[in-house]
Amino acid sequence: MTLINPTDSMNPYESVNYYFDKAAEHLDLENGYPRMLKNTYREIRVSVTVRRDNGDLDDFLGFRVHHNGARGPYKGGIRFHPEVNMDEVRALASLMTWKCAIVKIPFGGAKGGVCCDPSTLSERELEQISRNYIRKVDLVIGPLRDIPAPDVNTNAKVMAWMSDEYGKRHGYMPACITGKPIAIGGSQGREAATGRGVSYVAIQAAKRSGIKLQGARVVVQGFGNVGSYAAKFLHELGCKVIAISDISGGYHNAGGIDIPKAWTYVRENKNMKGFDGADAVSNDQLLEMECDILVPAALGHVITSKNADRIKAKLIVEGANGPVTPAADLILEKKGIPVIPDILANAGGVTVSYFEWAQNMQHFNWEEEKVNEELKKILDKAFHQVADNATAHKVSMRTSAFMLAIDEVARVSKLRGV
Ligand code: GLU
């Protein structure tokens, strides 16, 4: 099979499948396997009906996609965003399959989403959407079937409504959803896990790239759950976080942003608007800034063929899912900028989701120290496997990660008799 020329206009699902094909070239997959492994297993589209605060009845499109369940129950977050569509959810579900395989946790890949703009919804309306969505996908989720979790614009509070709704039909079953508040079965360390994982992976990647973390200039695009924790941990490791951004814009301070101050500011003001510890910059300026480590931690497809050539970072660690388009990925590869791919770099979230699920199944709680220690062990091991394989095959970290993940899922599918 000849690899197509990647373009920025590829949709997210085509992008993931391009990365798949690129990696599959190095593997000896049986005929039919590539198609089977790229395809989604099950796709559900639902109508989420909500009575708005003004009395009107509204419908929002909801999705749940099961990509591959060879390695265990389907697993993946639910996002609330106005750009959610079937292709994006398919792509994100596929990424979950490869992500779980890379860190060797016993799950397959899934994803869900509701096409809505949470900033225009009241708390009551959000709760209605969350509960109604769960009622609509109730038949295909469950602790041994498919376990949702938070993603863009969803959090522990949303997971609490969702697990409560699931429990109404099935009885007390905290393992049906992860990322819950600790008081109702959530795990210590889960909220911080994705950002913490990004920092663990960045430590290893910096070492391999010869970047000294002490004083390293870091740019974090996105200051939500992933970006704010990644910035916090990298700051604590001695890095100088020189720029951050969120929906209100970009903020730059060459001397280093006071991250604890920015943290408190965002939690008090919802976003960074009005933060006075830095100068305003545009999103484009932020991505193209001279720095040691760039962490895109917001949405997909922000580094494209239009700006990839101007990226000056020495290392990119993907906190978000799919922030680099395949066309940009090729440019970065040619420029020699290592990219630590999403399926490895942000796998900390689903890894601690696995710990949460395992604790729920045993009705037993772990200390935060144990959570973080186990997380580090898993991510360090996965990082070195991907890096060693990349060196051995002279491929990028992304191609290497996909190679290992695809190989693992193909092996398990064979064992199951496919
Ligand atoms: N939404 C997160 C991700 O993309 C976490 C998924 C989970 O914990 O299941 O990895």
Side-chain angles (χ1 to χ4, degrees), residues 12 16 63-69 71-81 84 88-114 137 141-156 158-159 162-163 174-181 185-198 200-201 222 224-227 229-230 296-300 317-323 340-360 371 375 378-379 382 401 405:
V16 175
F63 305 89
R64 187 73 185 166
V65 171
H66 291 170
H67 176 261
N68 185 295
R71 300 184 60 262
Y74 299 98
K75 183 88 191 80
I78 298 169
R79 65 171 57 181
F80 288 173
H81 194 273
V84 162
E88 186 189 63
V89 180
R90 282 182 183 127
L92 295 164
S94 174
L95 285 177
M96 289 309 300
T97 299
W98 315 123
K99 198 182 293 187
C100 293
I102 281 290
V103 286
K104 297 195 167 57
I105 57 174
F107 292 132
K111 202 77 172 198
V114 178
V137 300
I141 63 171
L144 298 174
R145 221 174 256 287
D146 170 14
I147 306 123
D151 197 74
V152 174
N153 291 332
T154 55
N155 55 18
V158 173
M159 297 306 114
M162 291 183 165
S163 68
C176 68
I177 278 175
T178 60
K180 301 177 294 295
S187 177
Q188 298 287 344
R190 174 60 185 88
E191 187 183 292
T194 314
R196 185 182 286 279
V198 166
Y200 288 161
V201 168
N225 175 263
V226 182
Y229 275 106
L299 293 168
V317 183
E318 294 186 337
N321 287 315
I340 312 302
D342 43 14
I343 56 172
L344 171 63
N346 70 32
V350 72
T351 301
V352 176
S353 274
Y354 164 53
F355 299 159
E356 179 173 332
W357 176 81
Q359 291 170 75
N360 292 156
V371 169
L375 172 64
I378 287 181
L379 289 181

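Reckoned from all heavy atoms, side chains included, excluding hydrogens, waters and symmetry mates. Ligands are counted one by one from 1 in listed order, and the atoms in each one are counted from 1 as well.
Proximity of a side-chain donor or acceptor of Asn346 to a complementary backbone N or O of Gly319 within less than 3.5 Å is detected. A donor-acceptor pair under 3.5 Å is formed between the side chain of Glu356 and the backbone N or O of Gly179.
Residues Thr154 and Arg79 bring no donor and acceptor atom of their side chains to less than 3.5 Å of each other. Neither side chain, Asn155 nor Asn225, offers a donor N or O lying under 3.5 Å from an acceptor on the other.
Taking atom 7 (C) of ligand 1 as the reference point, the nearest protein heavy-atom neighbour is Ala149 CB, 3.3 Å. Among protein heavy atoms, the minimum distance from atom 5 (C) of ligand 1 is reached at Arg190 NH2, 3.6 Å. With respect to atom 1 (N) of ligand 1, the closest heavy atom belonging to the protein is Asp151 OD1, 2.7 Å. Looking only at heavy atoms of the protein, atom 8 (O) of ligand 1 is closest to Ser353 OG, 2.6 Å. Protein heavy atom in closest approach to atom 9 (O) of ligand 1: Lys75 NZ, 2.8 Å. The protein atom (non-hydrogen) at minimum distance from atom 10 (O) of ligand 1 is Lys99 NZ, 2.8 Å.
Between Pro150 and ligand 1 there is a heavy-atom distance shorter than 4.0 Å.
Per-residue contacts place Val350 under 4.0 angstrom from the following atoms of ligand 1 (heavy atoms of the residue considered): 7 (C), 8 (O), 9 (O). Each of the following atoms of ligand 1 lies closer than 4.0 Å to a heavy atom of Met96: 3 (C), 4 (O), 6 (C), 10 (O). Interface atoms of ligand 1 facing Gly76, defined by a heavy-atom separation under 4.0 Å, are 9 (O). In the vicinity of Lys111, heavy-atom distances shorter than 4.0 Å reach the ligand 1 atoms 1 (N), 3 (C), 4 (O).
Between Trp98 and His67, the angle of the ring planes goes over 60°, which puts this pair in the perpendicular group of the 30/60° scheme.
For the pairing with Lys99, the side-chain hydrogen bond (donor to acceptor under 3.5 Å, both in side chains) check across Asn321, Thr351, Asp342 returns one residue only, Asn321.
Between Arg190 and Pro150, the closest side-chain pair of non-hydrogen atoms falls below 4.5 Å.
Considering backbone and side-chain atoms together, Ile147 places no N or O closer than 3.5 Å to any N or O of ligand 1.
Pairing each heavy atom of Phe107 with each of Cys100, the nearest pair is O-CB, 3.4 Å. For His66 against Asp146, the heavy-atom pair with the smallest separation is NE2-OD2, 2.7 Å.
No part of Val352 comes within 4.0 Å of ligand 1, judged by heavy-atom distances.
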